[in-house]
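Throughout, residue positions are numbered sequentially from 1 according to the sequence presented.
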Amino acid sequence: MRYELVIFDNDGVLVDSEPISNTLLAAYLTELGHPTSYEECLRDYMGAAMHRVHDMVEERTGERLPADFDDVFHGRVFAAFERELEPVTGAVEVLEKLAADGVPYCVASSGSHERIRVGHRKTGLDRWFDDGRIFSSQDVGRGKPAPDLFLHAAGRMGVSPEKCLVIEDSPLGVRAAVAAGMDVYGFTAMTPAERLVGADRLFGQMSELMGLLQS
């Protein structure tokens, strides 16, 4: 394989969390007087760190979200994860194959470290990710679409950007990977292919990924 590191986004790529979290985000913003649909959350916030929600609401309305917004939202999300969260179909098989082949991999997510770990524990993916393979937007100054998180992950893993492949399902994540000088494969299970502009390849089922890596 021509890549020395595979960097996975987490939400929507490894764990099937996007429908859960965006449904809850739309409901909570609406509850606070900022009517927002599920589709609008996917469009505006999918793949982003929480500061983007705060920034966009303030920019659009002139109002700031409550100081405890993140804590309340994450409490609702984590409770829903415990009830509903599953790994993305095919993700376990991909991780098993990468580990068996000795291919280095990690996760670089806009979500907090706590969110990543809660999701991985619930889905059983924690067996594949020790602390040295988990990177969060909390670790850097700017989240996606800035390249900082992917560059940080590559640096910590000891691999140059041009030898990294990013697996992403959001437009913001694809833009971040491109800005980092990395190849990126766009996962279209939830995101229309035309929104993942800049991706080097597109695929719709995680089971397709190992074939793409070896081609």
Side-chain angles (χ1 to χ4, degrees), residues 1-23 25-26 36-53 55-56 86-91 93-95 98 103 105-111 115-116 119 125 135-137 140 142-154 159 161-215:
M1 194 180 77
R2 59 194 176 106
Y3 299 108
E4 295 182 7
L5 177 65
V6 180
I7 304 176
F8 290 95
D9 177 43
N10 190 57
D11 294 293
V13 171
L14 295 175
V15 296
D16 194 16
S17 53
E18 294 291 9
I20 298 171
S21 60
N22 283 283
T23 296
L25 180 58
T36 308
S37 68
Y38 171 73
E39 291 75 18
E40 288 169 336
C41 279
L42 290 179
R43 181 194 67 200
D44 294 339
Y45 306 126
M46 183 174 168
M50 287 301 295
H51 67 78
R52 181 178 174 88
V53 181
D55 292 346
M56 291 193 72
E86 298 289 343
V88 167
T89 301
E93 290 75 14
V94 167
L95 295 171
L98 291 175
V103 177
Y105 63 89
C106 65
V107 61
S109 172
S110 292
R115 177 180 172 127
I116 297 167
L125 295 185
F135 305 99
S136 162
S137 61
V140 295
R142 300 180 299 168
K144 304 170 188 177
D148 304 37
L149 176 57
F150 289 139
L151 292 173
H152 171 70
V159 179
E162 67 271 13
K163 296 179 181 178
C164 296
L165 172 67
V166 175
I167 310 301
E168 264 289 355
D169 71 331
S170 75
L172 293 176
V174 170
R175 286 167 56 193
V178 171
M182 301 176 181
D183 283 1
V184 54
Y185 290 0
F187 184 45
T188 61
M190 279 193 60
T191 308
E194 60 269 19
R195 295 198 64 212
L196 299 180
V197 175
D200 296 278
R201 292 187 176 184
L202 300 169
F203 67 106
Q205 300 291 329
M206 195 56 65
S207 58
E208 301 172 50
L209 179 58
M210 291 311 300
L212 293 176
L213 290 175
Q214 293 165 356
S215 64

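For the pair Gly47 and Ser170, the tightest heavy-atom approach, listed with the atom from each and the gap, is CA-OG, 3.6 Å. Taking every heavy atom of both residues into account, Pro161 and Ala180 meet most closely at CB-O, 3.3 Å. The minimum heavy-atom distance between Gly143 and His51, with the atom names listed, is N-NE2, 3.9 Å. Closest heavy-atom contact between Gly173 and Phe150: O-CE1, 3.5 Å. Shown here for Met190 and Leu42, the closest heavy-atom pair between the two residues is CE-CD2, 3.8 Å. Here the closest heavy-atom approach between residue Met46 and residue Asp169 is recorded as CE-OD2, 3.0 Å.
Of the possible donor and acceptor atoms, one in the side chain of Ser136 sits under 3.5 Å from a partner among the backbone N and O of Gly111. Side chain of Ser17 to main chain of Asp11: no donor-acceptor pair is present (N/O by atom type, distance under 3.5 Å, no hydrogens or angles). In this structure a side-chain-to-backbone donor-acceptor pair under 3.5 Å is present from Thr188 to Phe203. Judged by distance alone, the side chain of Asp200 and the main-chain N or O of Val184 form a donor-acceptor pair under 3.5 Å. In this structure, the side chain of Ser207 does not engage the main chain of Gly90 through any donor-acceptor pair within 3.5 Å.
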Run Lys144 and Val174 through side-chain contact (heavy atoms from CB on, under 4.5 Å) and show every step you take.
CA-CA 9 Å; Lys144 304 170 188 177; Val174 170; over 6 Å; no
Quick one: do Ile167 and Tyr105 satisfy side-chain contact (heavy atoms from CB on, under 4.5 Å)? Show the steps, please.
CA-CA 11 Å; Ile167 310 301; Tyr105 63 89; over 6 Å; no
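Sorted by first and then second residue, the salt bridge (charged side-chain N to carboxylate O under 4.0 Å, His left out) pairs involving residues 173-188 (not counting sequence neighbours) are Arg2-Asp183. Listed by first and then second residue, the salt bridge (charged side-chain N to carboxylate O under 4.0 Å, His left out) pairs involving residues 184-198 amount to none (not counting sequence neighbours).
Once rounded to the nearest 0.5 Å, the distance linking CE of Met206 with CG of Leu95 reads 9.0 Å.
If you check the side chains of Ser137 and Arg52, you find no donor sitting under 3.5 Å from an acceptor. Side chains of Ser21 and Arg115: a donor-acceptor N/O pair is present below 3.5 angstrom, by distance only.
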